[in-house]
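A quick write-up on the structure given underneath.
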Amino acid sequence: MLTVKSVHSYYESIHALKGVSLHVLKGEIVTLVGANGAGKSTLVKTICGFLRPSRGEIFFDNRPIHILPVEKIVELGIAVVPEGRQIFASLPVEVNLEMGAFLYRKDREYVQKMKEEMFERFPILRKRRNQLAGTLSGGEQQMLAIARALMSKPKLVILDEPSMGLAPLVVKEVFTIIQELRAEGKTILLIEQNARAALKIADRGYVLETGKVVLEGTGKALLEHSEVQRAYLGRG
Ligand code: ATP
């Protein structure tokens, strides 16, 4: 479904991605593990069209997307739950959801239907629909960020550090939602600092270090890999 081929990305003179290649098959949960500054968020920005790769190619459903604008990439079926959630704090929950369906904003019926679906899935958001998003708890804001991404009916959902800053119980809830999404037929690319939890639910994973993929394998194989255990799972 998604193929990233030898992608290089820069921030001016900083060479953040140095020839990254990976793929995500339909229906998989693929996780990307790496330390701070490894290039995970840069890869997300590059896939979503916020950052143009200087070299390499990205294909989604066999179409090159590294040449397309962000809106077109969303339209093809990729949605991102960004790092730090990036909700619109001074707008009501309901309006935040509507933002996720900006491509369909003229189709009121579609937007209403999708909002209703999100309220069914996340009852807390219905309860808080008129509340300003900035007044929600961290966990509720993460649910909102996920719901907003789902508003465009994506085939591939990219989650950038969804468990960051959340209490353990809420983290568990987020991981359950990710598994439910997969069970419903969505494909997931999961970027996580919480490597153990992410690899446990992942079909496959990649380890990124200073802009390069240094290891790849099934979630289980990576969990058992001594390097991964030493560097990311806190085992000696
Ligand atoms: P984190 O988990 O801390 O977000 P990451 O793996 O997502 O880490 P990136 O944010 O992709 O890492 O950063 C990769 C490299 O690019 C780092 O060296 C970082 O300092 C640099 N970088 C990231 N964003 C920018 C930017 N806007 N301008 C310049 N350099 C940047």
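Both ligands and their constituent atoms are indexed starting at 1 by order of listing. Side chains are part of it too, since the values below use all heavy atoms of this structure and drop only hydrogens, waters and symmetry mates.
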Verify side chain to side chain contact (heavy atoms under 4.5 Å, CB included) between E173 and Q142, making sure each step is shown before the conclusion. CA-CA 10 Å; E173 206 178 324; Q142 188 60 72; over 6 Å; no

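The shortest N or O to N or O distance between I14 and ligand 1 is not below 3.5 Å. The N/O atoms of G37, backbone and side chain alike, include one that comes under 3.5 Å of an N/O atom in ligand 1. The shortest N/O to N/O separation between A16 and ligand 1 does not fall below 3.5 Å.
K45 and Y11 share a side-chain donor-acceptor pair at under 3.5 Å. Residues R230 and Y232 bring no donor and acceptor atom of their side chains to less than 3.5 Å of each other. Between the side chains of E83 and S41, a donor-acceptor pair is found at a separation under 3.5 Å. No donor-acceptor contact under 3.5 angstrom links the side chains of T42 and S9, judged on distance only.
Looking only at heavy atoms of the protein, atom 10 (O) of ligand 1 is closest to S41 CB, 3.8 Å. Of the protein's non-hydrogen atoms, G39 N, 3.2 Å is the one closest to atom 12 (O) of ligand 1. Closest protein heavy atom to atom 29 (C) of ligand 1: Y11 CB, 3.3 Å.
Contact annotation: Q193 has at least one heavy atom less than 4.0 Å from an atom of ligand 1. Contact annotation: G211 has no heavy atom less than 4.0 Å from any atom of ligand 1. Contact between G34 and ligand 1 is absent, with no heavy atom of the residue lying under 4.0 Å from the ligand.
Ligand-side atoms of ligand 1 in range of E161: 2 (O), range being under 4.0 angstrom from any heavy atom. The atoms of ligand 1 that sit less than 4.0 Å from any heavy atom of A35 are 6 (O). Taking every heavy atom of A38 and a limit of under 4.0 angstrom, the matching atoms of ligand 1 come to 5 (P), 6 (O), 12 (O).
Here the OG atom belonging to S163 is positioned 12.0 Å from the CD1 atom belonging to I191, to the nearest 0.5 angstrom. Separating the CG atom in L2 from the CG atom in N62 is a distance of 11.0 Å, to the nearest 0.5 Å.
Using a 30° and 60° split on the angle between ring planes, H66 and F59 fall in the perpendicular class, above 60°.
Atom 19 (C) of ligand 1 is not flagged as protein-proximal [any protein heavy atom, distance under 4.0 Å]. Checking atom 2 (O) of ligand 1 against the protein gives a heavy-atom contact under 4.0 Å.
For NZ of K5, the number of neighbouring non-hydrogen atoms (other residues, nucleotides, ligands) closer than 6.0 Å is 12 at most.
The proximity of E83 to ligand 1, defined as any non-hydrogen pair under 4.0 Å, is limited to the side chain.
Taking only non-hydrogen atoms, the option from T42, D160, V33 nearest to atom 9 (P) of ligand 1 is T42.
Checked for salt-bridge contact, E117 and R121 miss the test: no charged N lies under 4.0 Å from a carboxylate O.
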